[in-house]
Amino acid sequence: MIQRTHPYGGILHEVVEHNGTLYLAGCVGEDTGADIRGQMQSIADQIDALLAAHGSSKARILSATIFMTDLSMKAALNEVWKAWLGAHLPARAGIGVADLGPGVLVEVMVIAAK
């Protein structure tokens, strides 16, 4: 059974659940004026909240896809990433992109077990 939650402007859902796996849409920082650390922390907080609302947690993240407008900021992003996830290291891909929207430096998609 596929369960979808939280329609987002009629074009996507924040979370789709299928067979005990949660697929989170791309999350972006709430303050687009923040630096990469601030935006990544905001994203981590959003992911924590979404996973908790669906009976999961960051310890159950299987993989993440990270889109960044400037790959030279990867070290700063990794500082927040490591502090957030600790020893839990999901599979991860980092992709450089030209544009994510005004002021958006990073977007993260996550797949997690329920």
Side-chain angles (χ1 to χ4, degrees):
M1 177 174 138
I2 297 176
Q3 182 178 18
R4 293 174 167 80
T5 59
H6 302 288
Y8 186 80
I11 59 168
L12 60 93
H13 295 273
E14 286 181 320
V15 180
V16 174
E17 179 181 343
H18 179 62
N19 288 336
T21 303
L22 301 172
Y23 300 85
L24 276 63
C27 293
V28 298
E30 292 180 4
D31 179 2
T32 57
D35 66 5
I36 190 74
R37 287 176 184 88
Q39 289 191 27
M40 185 58 221
Q41 185 59 59
S42 175
I43 292 166
D45 294 343
Q46 289 174 55
I47 291 170
D48 283 341
L50 287 168
L51 291 174
H54 292 274
S56 188
S57 73
K58 65 185 174 188
R60 299 184 56 81
I61 295 174
L62 304 172
S63 71
T65 304
I66 301 172
F67 303 93
M68 296 177 64
T69 58
D70 183 350
L71 291 175
S72 71
M73 297 184 289
K74 194 172 184 179
L77 179 138
N78 282 337
E79 291 173 15
V80 178
W81 184 263
K82 289 176 186 178
W84 174 48
L85 291 175
H88 176 65
L89 299 174
R92 186 180 108 171
I95 302 165
V97 297
D99 184 32
L100 292 168
V104 179
L105 304 174
V106 59
E107 181 173 351
V108 180
M109 294 175 61
V110 166
I111 299 172
K114 185 153 182 184

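Note that OG1 of Thr21 and CZ of Arg60 are 9.5 Å apart. Values are rounded to the nearest 0.5 Å. Rounding to the nearest 0.5 Å places CD1 of Ile36 at 4.5 Å from CE of Met68. Atom CE of Met40 and atom SG of Cys27 lie 9.0 Å apart (nearest 0.5 Å). Between the NZ atom in Lys114 and the CD atom in Glu17 there is a gap of 3.5 Å [rounded to 0.5 Å]. Taken to the nearest 0.5 Å, the CD atom of Gln41 stands 11.0 Å off from the CD atom of Gln46.
In the hydrophobic clustering of this structure, Phe67 does not group with Ile111; members are Ile, Leu, Val, Met, Phe, Trp, Tyr whose side-chain heavy atoms approach within less than 4.5 Å, directly or through other members. Linking ILVMFWY side-chain heavy atoms closer than 4.5 Å, directly or via other members, places Ile95 and Val104 in a single hydrophobic cluster. Follow the hydrophobic side-chain contacts under 4.5 Å out from Met109 and you never reach Met73; the two are in separate clusters. No continuous path of ILVMFWY side-chain contacts below 4.5 Å connects Val97 to Leu71, so the two sit in separate hydrophobic clusters.
The shortest non-hydrogen separation linking His88 to Pro90 is O-CD, 3.4 Å. Listed here is the closest heavy atom pair of Ala113 and Ser56: O-OG, 2.5 Å. Across all non-hydrogen atoms, the minimal contact from Lys58 to Trp84 is NZ-O, 2.9 Å. In this structure, Gly29 and Ile43 approach most closely via the heavy-atom pair N-CG1, 3.5 Å. Closest non-hydrogen pair, Val108 versus Ala64, comes out as CG1-CB, 4.4 Å.
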**Message:** Set out, in order, the CA-CA distance, both residues' side-chain angles and the distance that settles side chain to side chain contact (heavy atoms under 4.5 Å, CB included) for Leu77 and Leu105, then state yes or no.
**Reply:** CA-CA 10 Å; Leu77 179 138; Leu105 304 174; over 6 Å; no
**Message:** side chain to side chain contact (heavy atoms under 4.5 Å, CB included) for Ile47 and Leu51? Distances and angles first, verdict last.
**Reply:** CA-CA 6 Å; Ile47 291 170; Leu51 291 174; 3.6 Å; yes
**Request:** Mind running side chain to side chain contact (heavy atoms under 4.5 Å, CB included) on Asp45 and Glu30 for me, showing each step along the way?
**Result:** CA-CA 10 Å; Asp45 294 343; Glu30 292 180 4; over 6 Å; no
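When atom types are taken as modelled, the side chain of Asn78 and the backbone of Trp81 share no donor-acceptor pair closer than 3.5 angstrom.
Of the candidates Thr69, Val28, Val80, Ile66, Val106 forms a side-chain contact (heavy atoms from CB on, under 4.5 Å) with just one, namely Ile66.
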